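Only this structure's heavy atoms are used, side chains among them; waters, hydrogens and symmetry mates stay out. Keep in mind the model is a prediction, meaning the values are calculated, not measured.
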Amino acid sequence: MTYGAFDDAAKEYVIHEPGTPLPWINYLGNQDFFSLISNTGGGYSFYRDAKLRRLTRYRYNGVPGDSGGRNYYIAEGDALWSPAFSPMLTPLDDYRCRHGLGYTIFETRKNGLEAELCCFVPQEYAGEINRLVLRNTTETTKEIQIVSAVEWCLWNAVDDAANFQRNFSLGEVEVEGGAIYHKSEYRERRNHYAFHSVNHPTVGFDTSRDAFLGKFAGWNNPRTVLGGRSADSIAQGWAPIASHRIHCTLQPGESKSLIFILGYVEVSEAEKWESPNVINKKPAREMMARFATDAQVDAALRQLRGYWEDLLSNYQVRTGDEKLDRMVNIWNQYQCMVTFNLSRSASYFESGMGRGMGFRDSCQDLLGFVHMVPARARRRILDIAAIQFEDGGTWHQYQPLTKQGNADVGTGFNDDPLWLVACACAYIRETGDAAILNEPVAFNTKPGTEAPLFEHLRRSVHYTLQNLGPHGLPLIGRADWNDCLNLNCFSTQPGESFQTCANYESGIAESVFIGGMFVLYAREYAELCRLYGDAGESADILAAAQRMEEAVFAHGWDGEWFLRAYDAYGNKVGGADCEEGQIYIEPQGLCVMAGIGVKEGCAKKALDSVKERLTTEYGTCLLSPCYTTYHKELGEISSYPPGYKENGGIFCHNNPWISIAETVVKNPDEAFAVYRRTCPAYLEEKSDIHRTEPYVYSQMIAGREAATFGEAKNSWLTGTAAWTFVNVSQYLLGIIPTHEGLRVAPCLPAQFATITVRRRYRGVWYTITIENKNPGGAPRLTVDGANISGDVLPLSGQSECAVQVVIA
Ligand code: GLC
Ligand code: GLC
């Protein structure tokens, strides 16, 4: 069953039913000001940091769900409805929600009155625009009242939801004409306020939630809205809101446009006040003036569309399969931008209060983003590297506003440092900007400790080598990629964090996964050393990678697949002899990606085992069989019911590793089948089972052993976005940036006979036409009519480059 449809020409997903299985959301804003918006107008806005600078309030896990956000009410006589369906929930004569790139438009209709509500965050603007256009399609004149309402969050989202003894007394507002200002805490330590404005005379307002709603009422039956009159209330503490009331008369055929703005303003200490206790509204007025007319709004929307056209043009494909094309050309890249911006902070599953920027998460997000805005990727690499310690280890997370490591989650996730190598190498392969290696970066953000980025990479690689266990495999520490495989935590107390408690610090639990990862990324690092001046280090590291490969073979190969780990007692995890959890997905992916066992046939064997034991119609499960009891020697992984999350769920993030691994062993059919199984566009018809948005990836789909097999959770903020984009663009379609130029090595099944990729790379537009005559075979390349040897396109001096590829 579907709840909408893709409109590829408009680059939109068009939802035609407000009752989607879960709220289906979109993101507005790309730089500083962000909003989440659901298909019924729910969500919230924040400036830079979802925890510390939250503008509007949102109730996670509230009842009814998804209340809060942009509340609009249209009253015509007794008829009362909302142009985004919520909060009034009045059945509409027509409803469409168009989620586009950086904007969402609601097109709804009731009793011959058409509403179009367009929501977006303009480029370089700290605010969200909501333009509401009403059109009278009937033969009679309409008298209409429009009421808006947003509920302020008292900035710090955690205090706002917890510290009521203080925050019930904090709320302060000012009202001036069509603008309501939220200035809680501005009198003392804050240099910022927010406003909600409308470009039209108002006939009433409210700023006190209690006065607006009235007793026993909710957002779907506010007393003032039902009664037809605002209370003109001024909030004193409690819950400040901003609500405007507008009256308009619409002749037959006439339409009217109202522009509402939710804005954020920062003022310097010297300019905070207009007069005693009156905030300086000049910057806010300037912001309102920028969007006072339809022409201004239209121009900003055009600019936003142009921005996305340009970004997406860096990688465009035509394969003949519209689902594949729309994911590669539009939605997968879009999701990569969102994950790059927000890491794991704010979604409908991430509350925006907890997880800041993850070290490993942000490094991986960058892999799917670097081709879009390399300059931002560059800054990010330097930010991430700055939370590394001198011994090469690192904080696991940092707060975007302060850029300081987050002590609550701590350190010792032993895969973390190697991800820095992965993303720095990806950046240099994309841009050729090796100068980044010389950038000075501090350790643990301490001024005076700066060393070149190259040195940070060196310490990352050596960190693994300095932390080896009894089998010569890397020690796992708190956890590796799998945050829930906690081999040293031994937790028996509810409430203890599996990631930070260490009740039995064994010093011997090892990860085969990090072993594979080391082989892969140490070789990339060695290549950097060879290219940029350290041949000795290069040789040493290649030798170390070779030793690691041998250790993985000797102690990490279980006969039919790779083991996952050794636990704190030195017992195998993820082996055929284990009672449960006999095979895990991660080492099969990473070890084969690193080339381990390819010659020997073990790689193929491991992937066959994955197919036999882990593969389902909805994707590849993380492990099998699932743990049915809690194992304190394994940690959080065994805390989930079978089939959910890391306990044998389909963790979408590592499915692309298997797909890439299948390309390594030249198995195009299975490589694509793995890609297709978790790809949301192919799951659209099953939306009632899958439940999350059909245009973006989710972190997890319930696995075979779960009661709700096929049900996805945790959409949007997942490393799946970046890895699937790396997989499809670089391995299936096979356009791989290398230090020497673009390598072309597609691996697609026979159904893809002819493919065209247009790729902007180091300033050159490559148009690459691929004839897939022998799937999985060797590519033969012709550039502008001339044959070239090998599969790497020489760096070109022209601005356009036409490439013919025959897979023969
Ligand atoms: C979550 C985390 C990520 C981790 C994964 C597997 O998605 O954000 O860091 O690798 O879970 O546990
Ligand atoms: C929880 C989640 C896991 C996530 C981790 C991040 O353990 O289950 O998926 O990676 O938190 O710290």
Output yes when R429 and E524 qualify as a salt bridge under the 4.0 Å nitrogen-oxygen rule, no when they do not.
yes
A cation-pi test, strictly: NZ or CZ of R376 under 6.0 Å from the centre of the six-membered ring of F340 and no more than 45 degrees from its axis. Yes or no?
no
Check this for me, if you would: do R547 and E550 make a salt bridge, where the nitrogen-to-carboxylate-oxygen distance has to be below 4.0 angstrom?
no
N329 versus L312: any side-chain heavy-atom pair under 4.5 Å?
no
Which atom names give the shortest non-hydrogen contact between C602 and W557, and what distance separates them?
O-CH2, 3.3 Å
Looking at E549 and R523, does any basic side-chain N land under 4.0 Å from a carboxylate oxygen?
yes
Any idea how F553 and F562 line up, ring-wise: parallel (<30°), tilted (30 to 60°), or perpendicular (>60°)?
tilted
Test: R344 and D365 ion pair at under 4.0 Å
yes
Evaluate the criterion side chain to side chain donor-acceptor pair (under 3.5 Å) for residue pair N655 and T678; output intermediate values, then yes/no.
CA-CA 8 Å; N655 276 239; T678 56; 4.8 Å; no
For E537 and H462, run side chain to side chain donor-acceptor pair (under 3.5 Å): C-alpha distance rounded to whole Å, both residues' side-chain angles, the deciding distance at 0.1 Å, then the answer.
CA-CA 11 Å; E537 169 84 349; H462 287 268; 3.0 Å; yes
Please state whether the rings of Y695 and Y13 are parallel, tilted or perpendicular, taking 30° and 60° as the class boundaries.
tilted
Between Y697 and W723, does the ring centre distance come in under 6.0 Å?
no
From SG (C621) to CE (M700), nearest 0.5 Å:
10.5 Å
Check the orientation of F513 and W481. Use parallel for under 30°, tilted for 30 to 60°, and perpendicular for over 60°.
tilted
